[in-house]
Every structure is written in C-alpha cells, then in structure tokens.
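Small disclaimer: the values here were computed from a predicted structure and weren't measured. Throughout, numbering of the chain's residues begins at 1 and tracks the sequence.
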Amino acid sequence: MTRTRGFVLAGLLVALLLGGIVSYYASTQPDGLNKVAADQGIPGAAGHASDGSPVAGYATKGVDDRRLSKGIAVTSGVLVCFALGGALTWSVRRRNAGSAESPTDAATGAR
C-alpha cells in the first residue's frame, strides 16, 4: 500500500469514527450564523431546501434511536463526500495523465 493510500484510508477511518460516534455529543443548538439569521428575521433562516431529505437535520428518517439515527446520517454524509472527492480526484488525475508532454520536455525535445 502506498503512503498516500494509507493516509487517505486513515483519514477516512478517523472521519467515520468522529462522524459515527463523536457527533452524537455535538451541540443541538444552531450555529452562530443560523442563530443570527433567525434572530434578524432573514427569510429562509427557519428552513432549508433539503429539510425533506432522508437524512435532514443529522437524523435518519425511520430510525427511532437518536444516537443510531445521527450516526447513520453523519456516516452516510462522510461516505458520500469521500466518494465524490475520490471520483473528482480520479477524473482529474486521469485527465492529466493523458495530457500532452510537459513544457520542460517540449523545450528540450525529450520524450
């Protein structure tokens, strides 16, 4: 296993552990930006476009246990973000690998 792959997998493991276990102990109070928006009456502060989603509000619909519900929601979010980031990285690296010769090679005539 390469160092990079080990580092990425270790980071994923830490994110899953923090998301799945430690997130239960996070504050249920709104963050500062949401609180100020609600206090000032800014439209849209009370709701969100994704409020109807299966994992809205860091809770999983259909799961009654609060701890398990939050753990599933956060863990699924971590996995989705990791998959999207991995796909983007893979596509950019693949595109760059197939690009033309580097400017240094072009200047020296090397291949």
Identify every side-chain donor-acceptor pair in residues 80-93 under 3.5 Å, counting partners at least two apart or on other chains, and give the distances.
{"from": "T89", "atom 1": "OG1", "to": "G85", "atom 2": "O", "distance (Å)": "2.8"}
{"from": "S91", "atom 1": "OG", "to": "A87", "atom 2": "O", "distance (Å)": "3.3"}
{"from": "S91", "atom 1": "OG", "to": "L88", "atom 2": "O", "distance (Å)": "2.9"}

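Side chains of V63 and I72 form a contact here, defined as non-hydrogen atoms less than 4.5 Å apart.
There is a path of hydrophobic side-chain contacts, each under 4.5 Å, that joins V8 to L16.
Taken to the nearest 0.5 Å, the CG atom of L79 stands 6.5 Å off from the CG atom of L12.
Closest approach of V74 to S23, counting heavy atoms only: CG2-OG, 3.9 Å.
Applying the side chain to side chain donor-acceptor pair (under 3.5 Å) definition to pairs two or more places apart or across chains, those involving residues 63-84 are Y25-R67.
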